[in-house]
Asks: 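Below are the structure tokens for one structure; questions will follow.
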Amino acid sequence: MILKLFSLILGLLVLISGNLHFFKKNWGSYDRKYGNFPESERLEMLEEARKMFQFGYDNYMRHAFPKDELNPIYCTGRGPDYENPSNININDVLGDYALTLVDSLDTLAVMGNTSEFKRAVQLVIEHVSFNKSNTVQVFEVTIRILGGLLSAHLIIRDPLQPFGNVVPPDYDNELLQMAHDLANRLMPAFDCTGTGIPYPRVNLMTGVPKNCLNLTCTSGAGSLMLEFGLLSRLLGDPVYEMVARRAIDRLWTHRSNITGLFGNVIDIHTGEWVGRMSGLGAGIDSFYEYMLKAFILLGNREDLKRFNDSYQTIRFYLRRGRPHCNKGTGYPPIYVNVDMINGEMTNNWIDSLQAAWPGVQVLNGDIEEAICSHALYYAIWQKYGALPERFNWHLKTPEVSFYPLRPELIESTYLLYRATHNPFYLHVGRNILRSLNNHTKVKCGYATIHDVQRKDLEDRMESFFLSETCKYLYLLFDHSNHVNKDAVRYLFTTEGHLIPISRQLTQQPWLDDINTESTVEDFKSKRTENDNPVTYGHTHNSTGSCGHIPKERRFFLPIESRYLQQLESLIGVI
């Protein structure tokens with residue numbers, strides 16, 4: 001009798017835990033739609049996410065490797081556009097270094113495919129060389145290639161091997177050596193600039209091209225610290241971290257002395273802002289992201305202070321709408337683009353890269369703000385089954401209509417789910433996954449959407465689809481994955497590469513012997529074995545705390561039905 005009673009109570013608890021929305025007052029259609037996500041469907045979506053990655057990866061290896069990208073419609077490979085060197089849309093990213101394979105290494109490990117991970121590492125060691133006369137963008141090659149090599153190296157060198165045995169036979173730090181070689185080829189970008197802000201492009205053999213522009217975006221110059229700083233800590237050589245730090249310091253000094261905002265394009269010699277638009281999307285997005293993440297990984301508290309200062313400035317000048325996400329009246333919160341000098345709004349569009357901002361807010365502990373920031377982009381996704389590159393929120397229409405399989409919305413969805421465990425975000429992930437399969441899956445992979453309204457396709461599958469989009473989808477549905485079980489010990493780069501957080505990485509043996517005014521030559525001549533650890537701690541902010549998420553955000557809709565309905569109406573969701 002007692003055993004039957006216990007079983008009945010246990011069954012009721014299981015039922016209630018997944019259906020607490022039944023006890024909510026004014027339960028409506030949105031609660032029915034998003035209030036529960038069956039376990040069987042979660043497992044089904046997990047398998048679908050795995051198949052999505054495997055389909056894209058297998059076709060890349062079959063039809064494209066060792067070229068950089070897959071053309072999924074015609075089942076061919078894509079490398080640099082040698083016939084048109086000015087085609088920066090292609091040549092900024094592709095350098096004939098098996099980009100997609102390098103970018104996908106840690107995804108293989110996260111998915112537990114140990115045999116293919118080891119084979120892929122061996123292929124990278126055997127086939128990838130940077131000794132080629134290709135001009136690439138410093139930022140893109142840093143986050144995709146340098147970050148991919150370092151992430152895979154750290155996964156291999158993890159003594160606990162949490163993803164299974166991923167150590168290739170006779171591995172002798174070859175990936176770290178390749179990362180070292182690549183970083184050295186990028187170093188000329190930091191030489192001979194009037195500000196210390198790097199040139200945007202380098203030739204991997206000859207350095208800065210003679211015709212290289214003197215203009216760079218804030219993200220491109222200020223989002224190198226994780227990869228360059230990590231390399232310095234692993235090698236015990238401060239030179240890489242120094243140049244990345246100097247670029248950030250110079251950008252910081254050139255922020256507006258009126259608003260504290262940054263523009264999106266700067267002259268590397270004069271420090272003049274050529275682009276004065278300040279926002280959270282293309283050209284500036286990862287700059288703020290890396291301020292916070294650099295503190296978490298490397299332990300420099302100045303990065304945290306700068307992030308917190310910037311966060312308050314952003315909320316003051318860029319945020320519009322009602323003061324709170326889930327209470328009050330007025331329009332939904334939105335972060336707009338403004339003039340960096342006076343804070344006045346410059347246009348009525350937001351872009352798809354800004355969909356990563358809710359993830360940064362989650363990392364900062366500002367869950368309520370992240371919920372509304374994310375809901376805006378999900379409403380746009382529902383309208384088109386994809387995110388247009390630019391969306392005019394005033395006219396309710398795309399301004400730039402293509403969608404190249406970007407990961408930013410699913411990244412924020414994943415991070416919000418890990419913070420709240422709310423089934424709403426599993427529904428979002430399922431809808432994104434199904435949209436991708438319905439609209440972008442072709443004969444040999446997944447293709448870029450040329451126009452989100454017509455759903456016509458372009459023959460390109462960028463490397464971040466496998467590196468980020470598929471990885472975040474998989475992790476969203478894989479509750480038992482080691483990354484999710486031990487989440488506080490990992491950090492994702494802006495390219496979605498997995499980096500373990502450790503006390504060791506906060507140590508700078510050279511700290512007492514250098515300063516940011518030193519030259520590269522000074523750094524190369526200074527080596528020390530001193531052990532001066534930098535104190536690492538959690539972020540402190542005044543905007544929120546992951547430890548105090550209201551219970552209703554976990555069990556009921558994260559954004560109340562009336563506000564979700566209002567948002568969908570304003571975006572024009574049918």
Side-chain angles (χ1 to χ4, degrees), residues 85-86 88 91-93 95 97 129-147 149-150 177-254 262 265-274 286-287 290 294 298 508 510 513-527:
S86 64
I88 59 175
N91 293 329
D92 268 4
V93 179
Y97 33 40
S129 170
F130 304 117
N131 193 36
K132 297 175 180 178
S133 185
N134 292 321
T135 298
V136 293
Q137 190 188 101
V138 174
F139 170 69
E140 292 290 356
V141 74
T142 295
I143 64 171
R144 300 199 198 196
I145 295 290
L146 187 61
L149 293 171
L150 292 174
Q177 294 164 15
M178 294 174 68
H180 191 187
D181 174 45
L182 176 60
N184 284 338
R185 296 172 185 273
L186 301 178
M187 290 299 285
F190 299 89
D191 296 336
C192 303
T193 73
T195 60
I197 299 171
Y199 282 93
R201 298 175 180 88
V202 295
N203 184 287
L204 293 175
M205 287 188 69
T206 61
V208 177
K210 292 182 179 179
N211 60 346
C212 188
L213 293 176
N214 296 334
L215 307 179
T216 191
C217 67
T218 306
S219 286
S223 305
L224 308 173
M225 179 53 73
L226 286 192
E227 292 82 3
F228 274 59
L230 181 59
L231 182 64
S232 277
R233 306 295 171 99
L234 292 174
L235 296 175
D237 184 346
V239 65
Y240 310 101
E241 184 170 338
M242 178 277 288
V243 294
R245 169 67 58 192
R246 185 174 60 187
I248 295 172
D249 291 343
R250 295 300 184 269
L251 285 169
W252 187 259
T253 62
H254 287 292
F262 299 84
V265 180
I266 193 169
D267 188 305
I268 65 172
H269 292 307
T270 67
E272 177 187 359
W273 290 102
V274 178
S286 56
F287 175 63
Y290 266 35
L298 305 175
Q508 296 173 281
W510 59 84
D513 297 320
I514 64 175
N515 59 71
T516 55
E517 299 303 321
S518 300
T519 65
V520 172
E521 288 70 25
D522 291 335
F523 277 95
K524 289 179 178 179
S525 67
K526 292 179 179 180
R527 300 292 185 267

Asks: Quick one: side chain to side chain contact (heavy atoms under 4.5 Å, CB included) partners of Pro85, sequence neighbours excluded?
Replies: none

Asks: Using the side-chain hydrogen bond (donor to acceptor under 3.5 Å, both in side chains) criterion, which residues pair with Thr253? Sequence neighbours excluded.
Replies: none

Asks: Does anything in residues 199-213 form a salt bridge (Lys or Arg N to Asp or Glu O under 4.0 Å)? List the pairs, not counting sequence neighbours.
Replies: Asp92-Arg201

Asks: Flag the pair Arg245 and Glu241 as a salt bridge only when some basic side-chain nitrogen lies within less than 4.0 angstrom of an acidic carboxylate oxygen.
Replies: no

Asks: Using the side chain to side chain contact (heavy atoms under 4.5 Å, CB included) criterion, which residues pair with Thr270? Sequence neighbours excluded.
Replies: Asp267, Glu272

Asks: Could you tell me the separation between the CD atom of Gln137 and the CD1 atom of Ile143, rounded to the nearest 0.5 Å?
Replies: 8.5 Å

Asks: Please enumerate all residues that pass side-chain hydrogen bond (donor to acceptor under 3.5 Å, both in side chains) together with Thr142, with sequence neighbours excluded.
Replies: none

Asks: Can you list everything that forms a ring-ring contact (aromatic ring centres under 6.0 Å, His included) with Phe287? Sequence neighbours excluded, please.
Replies: Phe262

Asks: Let me confirm one number: the CG-CG distance from Asn91 to Asn134, rounded to the nearest 0.5 Å.
Replies: 7.5 Å

Asks: Look only at the side chain of Ser223 and the backbone of Ser286, and say whether a donor-acceptor pair between them is shorter than 3.5 Å.
Replies: yes

Asks: Could you list the residues that satisfy side chain to side chain contact (heavy atoms under 4.5 Å, CB included) with Asn131, not counting sequence neighbours?
Replies: Ser129, Arg185, Met205

Asks: Do any pairs count as a ring-ring contact (aromatic ring centres under 6.0 Å, His included) and have a residue in residues 224-244, sequence neighbours left out, and if so which ones?
Replies: His180-Tyr240, Phe190-Phe228

Asks: If you look only at pairs with a residue in residues 215-224, which of them pass as a salt bridge (Lys or Arg N to Asp or Glu O under 4.0 Å), with sequence neighbours excluded?
Replies: none

Asks: Hey, could you give me the CG/CZ distance between Leu204 and Phe130, rounded to the nearest 0.5 Å?
Replies: 8.0 Å

Asks: Report the residues that fulfil side-chain hydrogen bond (donor to acceptor under 3.5 Å, both in side chains) with Tyr290, sequence neighbours left out, ordered by chain and then residue number.
Replies: Glu227

Asks: So, taking the atom named CG in Leu186 and the one named CG in Leu146, what distance separates them when rounded to the nearest 0.5 Å?
Replies: 7.0 Å

Asks: Can you list everything that forms a side chain to side chain contact (heavy atoms under 4.5 Å, CB included) with Thr193? Sequence neighbours excluded, please.
Replies: Thr195, Tyr199, Ile268, His269

